[in-house]
Amino acid sequence: MSATTPVRPVLPPDIKARKGGQPLVMLTAYTTPMARLVDPHCDMVLVGDSLGMVLHGLPSTVGVTMEMMILHGRSVMRGLSKAMAVIDLPFGSYEESPQQAFRNAARLMAETGAPSVKLEGGAHMAETIAFLTARGVPVMAHIGLTPQSVNTLGGYKVVGRDDEAAKVMADARACEAAGAFAIVLEKVPQGLTRKITAALSIPTIGIGAGADCDGQVLVIDDMLGLFTDFRPKFVKRYAELGKLADAAIATYAGEVRARAFPGPEHVFADVLPVKAKS
């Protein structure tokens, strides 16, 4: 009798050990079906607070709640067998103090089963990152453009040009020193990305930061062409599923109005057909 060896899920030490190796692949997912689709192809799956904009129609990620992250985190975990889940701590759930951050990170992990969390912020969040990692919470950091701070930053702009470069580098080093196992660089200039990636011993994951990172992440709905409200420069559309869906829905609507759907093959008879005797 043979037994199938179960697939061992990817964990934070595995990700950290991939520094400088084959590039890490990361996409977002917010539902079980999408998690099942990306799981065979990704090293990590981000349950991002981008779900507020992509799924719930919010103008930014600021309005996302812990309850929303837990709901979608549970859904994604049901669809993963290999890739490692990373769940965003939403705005207002960790900035007040390290203790607040730990309570909410622990809740996210306990109620979803996810093995890691992500939070935004550089040097000013180093104390919090250290507090969490010392207590068993693996943390992915996120610097450069931090969408939860969009109201302070004044928009979704590139971060790290000219005089800002030294600060972004300092943020990266502070997150590494605090114990983050990886760090997202968002909308950071390519040359600075290259320097940060070379300077750190932990993987860098880029989104709008160039090809020199140790890995890349995109919002799944952006790269599949499902989210069409706007399109960031750094997004490559690998499919136009939104257009395909629009065409399919239009065809369905036309067939319903023409009474062409449902057809004979889609309905049930009033009486079961009599089976022929053998």
Side-chain angles (χ1 to χ4, degrees), residues 3-32 34-51 66 69-70 72-90 93-94 98 101-120 125-126 128-143 172 175-185 197 200-207 213-220:
T4 302
T5 303
V7 176
R8 186 179 76 82
V10 176
L11 293 172
D14 302 317
I15 298 301
K16 190 174 181 180
R18 290 274 296 275
K19 173 70 180 180
Q22 184 181 54
L24 293 155
V25 179
M26 189 177 194
L27 284 169
T28 64
Y30 316 114
T31 64
T32 304
M34 192 62 77
R36 287 174 177 157
L37 284 174
V38 302
D39 182 57
H41 309 286
C42 291
D43 302 294
M44 294 177 285
V45 173
L46 174 64
V47 187
D49 58 2
S50 50
L51 62 85
M66 280 287 293
M69 297 308 302
I70 290 169
H72 291 284
R74 286 172 171 168
S75 297
V76 168
M77 288 300 293
R78 293 185 193 109
L80 298 182
S81 60
K82 175 186 73 70
M84 186 186 82
V86 183
I87 300 188
D88 269 336
L89 282 165
S93 70
Y94 62 94
F102 178 76
R103 285 194 299 273
N104 284 313
R107 182 184 172 197
L108 270 182
M109 293 174 69
E111 296 191 29
T112 66
S116 63
V117 301
K118 180 169 75 66
L119 58 78
E120 296 182 6
M125 293 307 301
T128 295
I129 294 172
F131 191 90
L132 294 180
T133 56
R135 287 159 179 79
V137 178
V139 176
M140 175 179 285
H142 183 154
I143 65 170
C175 291
E176 175 188 37
F181 69 86
I183 185 165
V184 171
L185 306 179
T197 301
L200 300 186
S201 63
I202 59 174
T204 56
I205 310 298
I207 179 166
C213 292
D214 297 296
Q216 299 291 329
V217 61
L218 281 177
V219 172
I220 187 76

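Basis for what follows: all heavy atoms, side chains included, without hydrogens, waters or symmetry-related copies. None of the values given here were measured: they were computed from a predicted structure.
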>> Pair Met26, Val86 - check side-chain contact (heavy atoms from CB on, under 4.5 Å), show working.
In response: CA-CA 10 Å; Met26 189 177 194; Val86 183; 3.9 Å; yes
> Given Val47 and Asp88, is the side-chain contact (heavy atoms from CB on, under 4.5 Å) satisfied, shown in steps?
Replying inline: CA-CA 6 Å; Val47 187; Asp88 269 336; over 6 Å; no
> When you look at Thr31 and Met34, which way does the side-chain contact (heavy atoms from CB on, under 4.5 Å) test go after all the steps?
Replying inline: CA-CA 5 Å; Thr31 64; Met34 192 62 77; 3.5 Å; yes
>> Would Ile15 and Leu24 count as a side-chain contact (heavy atoms from CB on, under 4.5 Å) here? Give the steps.
In response: CA-CA 8 Å; Ile15 298 301; Leu24 293 155; 3.9 Å; yes
>> Quick one, Lys19 with Asp214, criterion salt bridge (charged side-chain N to carboxylate O under 4.0 Å, His left out). Give me CA distance, side-chain angles, the key distance, then yes/no.
In response: CA-CA 6 Å; Lys19 173 70 180 180; Asp214 297 296; 2.8 Å; yes
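The shortest non-hydrogen separation linking Thr128 to Ala101 is CG2-CB, 3.5 Å. Taking each heavy atom of Val76 and Ala35 in turn, the nearest pair found is O-CB, 3.5 Å. Residues Thr32 and Ser75 share a closest heavy-atom pair of OG1-O, 2.6 Å. In terms of heavy-atom proximity, Ala114 sits nearest to Ile87 at CB-CD1, 3.5 Å. Across Cys213 and Ile205, no two heavy atoms sit closer than the pair SG-C, 4.2 Å. Between Phe181 and Ile202, the closest heavy-atom pair is O-CB, 3.7 Å.
Inter-residue side-chain proximity for His142 and Leu119 is flagged as unmet; no heavy-atom pair is nearer than 4.5 Å. Side-chain contact between Lys118 and Leu89: absent, with no pair of heavy atoms (C-beta onward) separated by less than 4.5 Å. In this structure the side chain of Met140 reaches within 4.5 angstrom of the side chain of Val184, judged on heavy atoms. Between Leu218 and Thr28, every side-chain heavy-atom pair lies at or beyond the 4.5 Å cut-off. For the pair Pro9/Met84, no side-chain contact is recorded, criterion being any heavy-atom separation below 4.5 Å from C-beta on. Between Val117 and Met109, the closest side-chain pair of non-hydrogen atoms falls below 4.5 Å. Counting heavy atoms from C-beta outward, Glu176 and Ile183 have side chains that stay 4.5 Å or more apart. By the 4.5 Å heavy-atom criterion applied to side chains, Cys175 and Ile143 are counted as neighbours.
Side chain of Ser116 to backbone of Ala85: a donor-acceptor contact under 3.5 angstrom is found. Arg135 places no side-chain N or O within donor-acceptor distance of the main-chain N or O of Phe102, the cut-off being under 3.5 Å.
In this structure, the separation between CE on Met66 and CZ on Arg103 is 10.5 Å, given to the nearest 0.5 Å. Note that CG of Asn104 and OH of Tyr94 are 11.0 Å apart. Values are rounded to the nearest 0.5 Å. Taken to the nearest 0.5 Å, the OG atom of Ser93 stands 9.0 Å off from the CE atom of Met69. A distance of 4.0 Å separates OG in Ser81 from CG in Asp39, rounded to the nearest 0.5 Å.
One side chain, Thr197 or Thr204, offers a donor N or O that lies under 3.5 Å from an acceptor on the other.
His72 pairs by the ring-ring contact (aromatic ring centres under 6.0 Å, His included) definition with His56, not counting sequence neighbours. Applying the salt bridge (Lys or Arg N to Asp or Glu O under 4.0 Å) test to Asp43 and every residue at least two apart in sequence or in another chain returns Arg18. Taking Thr133 as the reference, Ile129, Val139 meet the side chain to side chain contact (heavy atoms under 4.5 Å, CB included) condition, with sequence neighbours excluded.
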